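Everything on this sheet refers to the single structure shown next.
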Amino acid sequence: MPRHRGRPLVELACDGLRAAGCAPVVVVVEAGADEVLAGARLDGCRVVRTPARESGVGSSLRAGLAALAAPTPPTAALVALVDQPFVGAAAMARVAAVCDSPDVLAAASYRGARGHPVLLGAAHFAGVTAGARGDRGARDYLRARADRLTRVECGDVGSPEDIDHPADLGRLSEPPPHR
């Protein structure tokens, strides 16, 4: 399980969301993620498993939004990725701060490039869910609504650097790229 500063990435992401004022925090894991759950302290988080036959960010996004929508959806959901440990709580809080209605659509921007976290107002949950398939989460939905998407510059407080492959783990010991 990937770790940064001695802690699992999923734990760090959850801590960042809580520090940004998000509640509840929903963690979506694949069906066989027992190792992740056993090795991370996710106190106070709601854990949702995707079905074994599904994979990709699309199924994770659908599962997370469904978990938030029942019984009553929140005003919005801040979607963060575990494999981006340099985004951090400051960027999460900055994007969350633009939440003003269930119609909100916002995303972090890093030197002009759209990234995560993404803030999805509850009015968009059904549309995002309908288009989230395979490795495509909300990207197409957001692209089709680019004129309504608020971009929140976060390059001074975070970096969208991905930790996707075992070879990327060495970067975790380096200082965050934005500094």
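From a predicted model like this one, the values you see are computed outputs, not experimental measurements.
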(request) Would you please name every residue forming a ring pair (Phe, Tyr, Trp, His ring centres under 6.0 Å) with F125, sequence neighbours left out? (result)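 By the ring pair (Phe, Tyr, Trp, His ring centres under 6.0 Å) rule, F125 matches no residue at all.
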Any side-chain heavy atom of [X] sitting closer than 4.5 Å to one from [Y]?
{"X": "M92", "Y": "L78", "result": "yes"}
{"X": "Q84", "Y": "E161", "result": "no"}
{"X": "P117", "Y": "V87", "result": "yes"}
{"X": "R62", "Y": "S59", "result": "yes"}
{"X": "T150", "Y": "L105", "result": "no"}
{"X": "V29", "Y": "V47", "result": "yes"}
{"X": "V98", "Y": "L119", "result": "yes"}
{"X": "R46", "Y": "P24", "result": "no"}

(message) Could you work out, with side chain to side chain contact (heavy atoms under 4.5 Å, CB included) as the rule, every residue matching A107, not counting sequence neighbours?
(response)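 Testing A107 for side chain to side chain contact (heavy atoms under 4.5 Å, CB included), a comparison that skips the adjacent residues, returns R114, V118, L149.
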(request) Could you pull out the closest heavy-atom pair between S159 and Y110, with the gap in Å? (result)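 Of all heavy-atom pairs spanning S159 and Y110, the closest is N-CE2, 3.8 Å.
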(message) Any salt bridge linking R49 with D34? Criterion: basic side-chain nitrogen under 4.0 Å from a carboxylate oxygen.
(response) yes
(request) Please determine if D140 and R133 form a salt bridge, counting it only when a charged side-chain N lies under 4.0 Å from a carboxylate O. (result) no
(request) Please say whether more than 12 non-hydrogen atoms of neighbouring residues, nucleotides or ligands are located less than 6.0 Å from CZ in R136. (result)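 Atom CZ in R136 is crowded, with more than 12 foreign heavy atoms closer than 6.0 Å.
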(request) Answer yes or no on whether R139 is positioned over the face of Y141, meaning its NZ or CZ is under 6.0 Å from the six-membered ring centre and within 45° of the axis. (result)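 That pair does not qualify as a cation-pi contact.
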(message) Quick check for you: to the nearest 0.5 Å, what is the distance between H124 atom NE2 and L142 atom CG?
(response)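 Those atoms lie 9.0 Å apart.
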(message) With rounding to the nearest 0.5 angstrom, report the CG to CG distance, L61 to L81.
(response)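 One finds 9.5 Å between CG of L61 and CG of L81.
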(request) Going by the side chain to side chain contact (heavy atoms under 4.5 Å, CB included) test, name the single residue among L68, V79, V104 that passes it with L120. (result)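 Only one option passes, and that is V79.
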(request) Determine yes or no for a side-chain-to-main-chain donor-acceptor pair under 3.5 angstrom, with R94 supplying the side chain and E153 the backbone. (result) yes
